[in-house]
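Written out below as structure tokens is the structure these notes cover.
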Amino acid sequence: MKEFDLFLPLYYNDGSPVEPKKFQDLQKRLLGHFEGFTFFPQAHKEVWKVEDMIYRDEIVIYRVVSRKAAAARRFLKKLKEKLRRSFRQEEIFIIERTVRVW
């Protein structure tokens, strides 16, 4: 079984907040494809360095679990491109893990 975490920014690069509708639309897509999701609404801070620039962001995390890893990857690959454009980001991180459910 695979678990996927989607890291999504709360703010655009210009500092303005991402509209709640974009998160609602994402939730509908995740529910429709995976039949469930976990949402971690508390803001998490990200800090990373690229060359001499330090970047900071506030994100929320969505988690989905799937027994069909290949289908999940195909769906998330397409979704990632839509999210990159919609959230106006250079990159959207999606983390994949192997998990066992007890």
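Source: prediction; values computed, not measured.
Each of Lys22, Lys28, Lys21 was compared with Asp25 under the side-chain hydrogen bond (donor to acceptor under 3.5 Å, both in side chains) criterion, and only Lys21 meets it.
Within the 4.5 Å cutoff, no side-chain heavy atoms of Arg74 are placed close to those of Lys68. The shortest side-chain heavy-atom distance between Met1 and Val65 falls under the 4.5 Å cut-off. Residues Ile92 and Leu79 are not in side-chain contact: their nearest non-hydrogen atoms beyond the backbone lie 4.5 Å or more apart. Arg73 has its side chain out of reach of Lys77: every pair of non-hydrogen atoms, C-beta onward, lies at least 4.5 Å apart. Side-chain contact between Arg56 and Lys45 is absent, with no heavy atoms from C-beta onward closer than 4.5 Å. Using a 4.5 Å heavy-atom cutoff, the side chains of Val18 and Leu10 are not in contact.
Ring geometry for Phe23 against Phe87 counts as perpendicular: the plane angle is over 60°, on a 0 to 90° scale with 30° as the lower cut.
Shortest non-hydrogen contact noted between Ala72 and His33 is CA-NE2, 4.3 Å. Nearest approach of Tyr11 to Asp57, heavy atoms of both residues: O-OD1, 4.3 Å. Gln42 and Val60 get closest at one heavy-atom pair: O-CG1, 4.2 Å. Minimum heavy-atom separation, Val99 to Lys2: CG2-C, 4.3 Å.
Both Ile95 and Ile61 are members of a single hydrophobic cluster when ILVMFWY side chains are connected at heavy-atom separations under 4.5 Å. Hydrophobic clustering (side-chain heavy atoms under 4.5 Å, transitive across Ile, Leu, Val, Met, Phe, Trp, Tyr) groups Phe34 together with Ile94. Put simply, Tyr55 and Tyr12 are part of two different groups of oily side chains (I, L, V, M, F, W, Y) that touch within less than 4.5 Å, one to the next. Cluster annotation: Phe7 and Phe39 are assigned to distinct hydrophobic clusters (Ile/Leu/Val/Met/Phe/Trp/Tyr, side-chain heavy-atom contacts under 4.5 Å, transitive).
Going from atom CZ of Phe75 over to atom CG of Leu30 covers 6.0 Å, rounded to the nearest 0.5 Å. In this structure, Trp48 CH2 and Ile54 CD1 are separated by 11.0 Å, a value rounded to the nearest 0.5 Å.
Aromatic pair Phe37/Phe4: ring centres not closer than 6.0 Å.
In this structure, Arg84 contributes its side chain and Glu90 its backbone to a donor-acceptor pair below 3.5 Å.
Few gaps surround CG on Asp14; more than 12 heavy atoms of other groups in view lie less than 6.0 Å from it.
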